[in-house]
Amino acid sequence: MSDRAKEAIRAESSNLAATAHDIAFSGAYLYPFRGIIHLLTHPPLYTPLLRRALQTLTLGISITTSLFVFTYLPQVALVTLLTGPLAFLSPLTTSLLILTESAILTNFFARGWILSDALIDIFDAVLLDRGCQALVERGREVKALRAGSGDGVMARLGKLRVKPRFVGEGGVSGWVEGLIRSVLLLPLNFVPVVGTVGYVYVAGKKAGPGLHERYFQLRGMGSEERRKWIEKKRGGYTGLGMASVLLEMVPFASILFEFSNAVGAALWAADLEKGRE
C-alpha cells in the first residue's frame with residue numbers, strides 16, 4: 001500500500017473518530033427519544049397525528065406489500081450474489097432492505113403530500129409550549145389560550161405568516177434530492193450490519209439539518225448563516241439525524257416516529273434558543 005493511501009486511511013479514521021466524539025458529546029441523538037416520551041405524555045399533540053394516521057398507514061402498507069410481491073426474489077438473488085460467504089443471511093438481509101426501502105418511500109411521499117402541514121404545526125406547538133412564543137410569532141399568528149380548550153397548545157396556532165417549505169433541506173428541490181440520495185445509498189444495506197450502520201450514518205448526516213428547516217426559517221437564517229450554524233454543530237445534527245433515520249426504519253411505525261422526531265427536533269431547537277438568550 002502506498003504512503004499516500006495509508007495517509008488517506010489515517011486521515012479518514014481520524015475524521016471518523018472526531019465525528020463520533022462530537023456526536024457522543026453533543027447529546028443531540030437523545031432528542032428523538034425524548035420526542036417519543038414528550039409526544040406520548042402530551043395528548044394535545046395527538047390531534048394532527050390522528051388526522052393523518054389512516055392515510056399514512058394505508059400508504060405504508062401498500063408500498064411495503066408491493067415491494068415484497070414484486071421485488072423480493074430479484075433482490076434475494078442480488079444480495080446472495082454480492083454477499084458470498086454470508087449468503088445464508090440473504091433472506092434476512094433482503095427483508096431488512098425492503099423494509100428500509102418501504103420506510104424511505106413512505107416517509108418521502110407522506111412528508112411531501114400528507115404530513116407536511118401537520119409536522120409544521122407540531123413543531124411550532126412544541127416551541128410554543130416550551131416558551132418560545134416570540135420565535136413562533138415570526139412565522140404564524142399565536143392566539144390567546146381559551147379557557148376550557150381541550151386542544152391546549154394546538155388551539156393557539158393561528159394563520160401562517162410565513163409559508164413553510166417541505167420539512168427537509170431546500171423545499172421541493174431538497175425533497176427530490178433527498179429521495180434520490182436515499183435510493184442511491186440503499187446498496188449499502190447489501191452489506192450485513194456494517195452496511196446498515198454506514199447507511200444510517202450517511203443518511204443521518206443529511207437528515208439532521210432537515211429536521212431544523214422550520215427553525216432556520218423562523219430564525220430568518222440565510223443560506224450562509226445556516227451553513228455556518230450547521231457546521232458549528234455538525235456532531236449534534238449528525239447524531240440527531242442518525243437517531244431519527246434509525247427510528248423511521250421501523251416498519252409500520254414510521255408515521256409515529258415522523259411526528260416524534262419532529263417533536264424531538266423542536267425540543268432541541270427550544271433548548272438552543274434558550275441558550276441564545
Side-chain angles (χ1 to χ4, degrees), residues 23 28-40 45-46 48-50 52-68 95-120 122-123 126 166-169 174-189 193 195-214 236-269:
I23 291 172
Y29 58 88
L30 296 174
Y31 280 92
F33 301 100
R34 288 180 58 186
I36 296 172
I37 297 171
H38 191 89
L39 179 61
L40 293 176
L45 297 178
Y46 298 173
L49 170 62
L50 294 176
R52 294 159 178 84
L54 181 59
Q55 290 174 284
T56 308
L57 183 61
T58 301
L59 175 66
I61 291 175
S62 300
I63 290 174
T64 303
T65 302
S66 298
L67 288 175
F68 269 105
S95 296
L96 293 175
L97 178 60
I98 289 178
L99 290 175
T100 301
E101 294 165 351
S102 172
I104 289 171
L105 293 174
T106 301
N107 290 344
F108 274 99
F109 286 111
R111 188 178 294 173
W113 281 285
I114 300 174
L115 303 178
S116 56
D117 291 342
L119 291 172
I120 293 295
I122 207 168
F123 193 95
V126 173
F166 287 127
V167 177
E169 296 182 75
W175 177 81
V176 175
E177 178 188 344
L179 176 58
I180 294 173
R181 182 173 59 245
S182 295
V183 171
L184 292 177
L185 289 174
L186 276 175
L188 285 173
N189 289 281
V193 184
T196 301
V197 172
Y199 170 82
V200 170
Y201 169 72
V202 177
K205 189 175 181 179
K206 299 296 291 185
L211 288 165
H212 265 185
E213 185 66 37
R214 178 60 170 172
Y237 280 110
T238 301
L240 178 73
M242 288 180 68
S244 298
V245 168
L246 189 62
L247 288 171
E248 290 176 10
M249 288 171 64
V250 178
F252 307 117
S254 59
I255 180 174
L256 172 61
F257 292 128
E258 281 272 0
F259 278 86
S260 63
N261 286 339
V263 172
L267 290 174
W268 190 32

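Start at 1 with the first residue, then count along the sequence.
Rounding to the nearest 0.5 Å places OG1 of Thr56 at 4.5 Å from CD1 of Ile114. Separating the CG atom in Leu246 from the OH atom in Tyr201 is a distance of 15.5 Å, to the nearest 0.5 Å. The distance from atom CD1 of Ile98 to atom OG of Ser66, rounded to the nearest 0.5 Å, is 11.0 Å. Taken to the nearest 0.5 Å, the CG atom of Leu96 stands 11.0 Å off from the CD atom of Glu101. The distance from the CH2 atom of Trp268 to the CG atom of Leu240 is 6.0 Å, given to the nearest 0.5 Å. In this structure, CG in Leu267 is found 10.0 Å from CG in Leu39, a value given to the nearest 0.5 Å.
For the residue pair Ala262 and Phe123, the shortest heavy atom distance occurs at O-CD1, 3.6 Å. Considering all non-hydrogen atoms of both residues, Gly60 and Thr106 come closest at CA-OG1, 3.4 Å. Between Ile23 and Gly239, the shortest heavy-atom contact is CG2-CA, 3.8 Å.
Residue pairs meeting the side chain to side chain donor-acceptor pair (under 3.5 Å) criterion with at least one member in residues 237-246, sequence neighbours excluded: His212-Tyr237, Trp229-Tyr237. Pairs passing the salt bridge (charged side-chain N to carboxylate O under 4.0 Å, His left out) check and including a residue from residues 53-65, sequence neighbours excluded, do not occur.
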*What's the verdict on side chain to side chain contact (heavy atoms under 4.5 Å, CB included) for Ser260 and Phe33, showing C-alpha distance, side-chain angles and the deciding distance?*
CA-CA 8 Å; Ser260 63; Phe33 301 100; over 6 Å; no
*For side chain to side chain contact (heavy atoms under 4.5 Å, CB included), just list the numbers for Leu256 and Ile36, CA-CA rounded to whole Å, side-chain angles, deciding distance to a tenth of an Å, and then say yes or no.*
CA-CA 8 Å; Leu256 172 61; Ile36 296 172; 5.8 Å; no
_CA sep, side-chain torsions, deciding dist, call: Val245, Tyr199, side chain to side chain contact (heavy atoms under 4.5 Å, CB included)_ = CA-CA 9 Å; Val245 168; Tyr199 170 82; 4.2 Å; yes
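Under the rule for a side chain to side chain donor-acceptor pair (under 3.5 Å), the partners of Ser102 that lie at least two apart in sequence or sit in another chain are Thr64.
Annotation: side chain of Leu119 is not in contact with side chain of Asn261 (no heavy-atom distance under 4.5 Å). Contact check for His38 versus Leu45: side-chain heavy atoms found under the 4.5 Å cut-off. Using a 4.5 Å heavy-atom threshold, the side chains of Phe259 and Leu115 count as touching. Here the side chains of Leu99 and Phe68 are in contact, with some heavy-atom distance below 4.5 Å.
Of the possible polar contacts, none joining the Arg214 side chain to the Ile120 backbone as a donor-acceptor pair under 3.5 Å is found.
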